[in-house]
Amino acid sequence: MKLEINPWGTEDVKDYEKLSKEFGIQPFAPLLKRMKEPHLLMRRGIVFGHRDFNKILDSVKRKESYAMMTGLMPSGKFHLGHKILAEQIIHHQQVMGGRIFLCVADVEAYNMRLNNMEALRKTAIEEYLLNYIALGLKPKNCDFYFQSSRSKDPDQANAFYRLAGMAARKTTFNEMRAIYGEISPAKVMSVMIQASDILHPMLPEFGGFKHVVVPVGVDQDPHMRLTRDIASRFDKEYKFPSLPSSTYHRFIRGLKGGKMSSSDPLSYIALTDDPGGIKNKIMKYAFSGGRETIAEHRKKGGVPEVDVSYQYLYSQFEPDDKKIKRIYEDYKSGSLLTGELKQILIEKLESFLRDHQRKRKKAKKQLEKFLK
Ligand code: TRP
């Protein structure tokens, strides 16, 4: 069976290794030893793959600045799945010293999903940007923009939309169809603007960066492949100094299994969820790798690999390697019961949400600085 990934779909990815092989994504783990402070998501393999990320590490080593560029589709509530991208962006800004280009894909969202620009912008600011700020994003070295209005500076705006327009010549209908399946004018426009999103930090009007890295969910890889091809075909009009690099993270599983998705409230924990309701949500819905009865659980042990509460602890809420190992072993041996495991997560989540929501209130005062 041929593996396909659909950037506008919501399917869960089952086999990351097979997918990586098929599309030529390199494993991330061998790079860890080159990093002084890899993020927890990297150490734990949630960020599992990359293209050309070594080039970014080379830049860091040479103390050259690089650009981190990524985009968000403003759809619905900001949840734990979105949080892992936000954390990577902030890590690039605060720890690795990258310059952040963060775009709201409002044109893409308008063309592909929701047709209300006004509502899209509101969601982008109130759901996404506020949460980013509360998680630690700073206005310094951060260029936050909407695809529909790149810049007030005419030279910058012209450069951005010129690139989006000219990118179209560097691909063909057949190539696009092979990557995206059925093609529509809406898809073509979204893809060309996205190519400009990814490549424009290399233009002189935007800093002329040598390297750009794009952290994304693996569902966005088709865009990366096409954008890299487009970049490599610009040998006259634009001589891009390098092809954009990328890193790929796994999806955070939904509460009931499957992908965490903003279209299904029972699949996610939103960062604005009432901490008081978390206990019930986890107890009732979090998919468990425990056994039917306590006796059976004690005898056979649980299956942490499929247990959603364990996975949330592993990927986001228990950074201490010794403690997470202990939880894994105790659950697997049966000495830790499902209810007890869930309780560990509930306490972590409640305190994270309380703290985060306090920060979110304060973040409102900072919005202006990002929306200049
Ligand atoms: N297509 C991305 C999504 O569906 C959003 C996006 C727009 C993006 N421009 C980008 C992602 C540039 C990475 C880089 O979420």
Side-chain angles (χ1 to χ4, degrees), residues 5-11 13 25 47 49-53 56 66-79 81-86 88-89 92 98-114 117 120-121 123-124 127-129 131-132 142-150 160-161 163-164 167 176 179-180 184 186-203 206 209 211-231 243-252 259-263:
I5 26 183
N6 171 5
W8 289 291
T10 52
E11 305 95 78
V13 174
I25 295 172
V47 173
H50 75 101
R51 290 181 194 275
D52 286 345
F53 192 63
I56 302 299
Y66 70 93
M68 188 239 69
M69 193 293 128
T70 195
L72 56 99
M73 272 269 235
S75 59
K77 292 269 176 204
F78 190 93
H79 56 57
H82 301 119
K83 171 173 167 280
I84 67 167
L85 178 58
Q88 293 171 64
I89 297 172
H92 277 289
R99 157 132 205 139
I100 308 304
F101 290 80
L102 188 52
C103 99
V104 176
D106 61 344
V107 172
E108 179 182 349
Y110 174 85
N111 280 333
M112 303 305 297
R113 289 202 180 139
L114 315 151
M117 277 302 230
L120 285 174
R121 289 180 153 248
T123 306
E127 277 298 325
Y128 288 74
L129 184 53
N131 283 310
Y132 282 153
C142 179
D143 197 334
F144 180 86
Y145 70 94
F146 291 81
Q147 281 179 330
S148 64
S149 58
R150 175 60 191 94
F160 179 80
Y161 294 107
L163 176 55
M176 285 200 69
I179 296 176
Y180 298 109
S184 64
K187 263 191 202 174
V188 174
M189 275 315 279
S190 308
V191 168
M192 294 312 144
I193 293 183
Q194 171 152 308
S196 190
D197 285 333
I198 295 172
L199 300 175
H200 84 281
M202 290 192 269
L203 300 177
F206 291 94
F209 287 92
H211 296 301
V212 180
V213 58
V214 188
V216 280
V218 67
D219 60 320
Q220 298 297 308
D221 187 51
H223 293 316
M224 282 316 299
R225 278 181 277 138
L226 182 63
T227 303
R228 285 165 62 93
D229 285 342
I230 289 176
L243 300 182
S245 310
S246 46
T247 60
Y248 301 94
H249 56 254
R250 292 170 200 272
F251 291 125
I252 295 300
K259 190 179 162 187
M260 189 172 279
S261 160
S262 27
S263 53

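For ligands, and for the atoms within them, numbers begin at 1 and follow the listed sequence.
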His92/Thr70 under side-chain contact (heavy atoms from CB on, under 4.5 Å): CA gap, chis, key distance, verdict = CA-CA 11 Å; His92 277 289; Thr70 195; over 6 Å; no
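Contacts between Ser190 and ligand 1, counted as non-hydrogen atom pairs separated by less than 4.0 Å, are absent for every part of the residue.
Interface atoms of ligand 1 facing Gln147, defined by a heavy-atom separation under 4.0 Å, are 7 (C), 9 (N). Using a 4.0 Å cut-off to heavy atoms of Met69, the atoms of ligand 1 that qualify are 12 (C), 14 (C). Numbered from 1 in the order shown, with element, the atoms of ligand 1 that lie under 4.0 Å from a heavy atom of Ile198 read 12 (C), 14 (C). Heavy-atom proximity to Ala105, at under 4.0 Å, picks out these atoms of ligand 1: 5 (C), 7 (C). The atoms of ligand 1 that sit less than 4.0 Å from any heavy atom of Val216 are 13 (C). Residue Val214 has at least one heavy-atom neighbour below 4.0 Å for each of these atoms of ligand 1: 13 (C), 14 (C).
Side-chain rings of His200 and Phe209 stay apart, their centers remaining 6.0 Å or farther from each other.
Here the NE2-CE distance, from His50 to Met224, works out to 13.0 Å after rounding to the nearest 0.5 Å.
Of the charged side-chain nitrogens involved, none lies within less than 4.0 Å of a carboxylate oxygen, so that Arg228 and Asp221 do not count as a salt-bridged pair.
Note: no N/O pair closer than 3.5 Å links Thr70 and ligand 1 by distance alone.
For Met176, the CE atom counts as densely surrounded, since its 6.0 Å shell holds more than 12 non-hydrogen atoms of other residues, nucleotides or ligands.
In this structure, Lys187 is not positioned above the aromatic face of Tyr180 in the sense of NZ or CZ being under 6.0 Å from the six-membered ring centre and within 45° of the axis.
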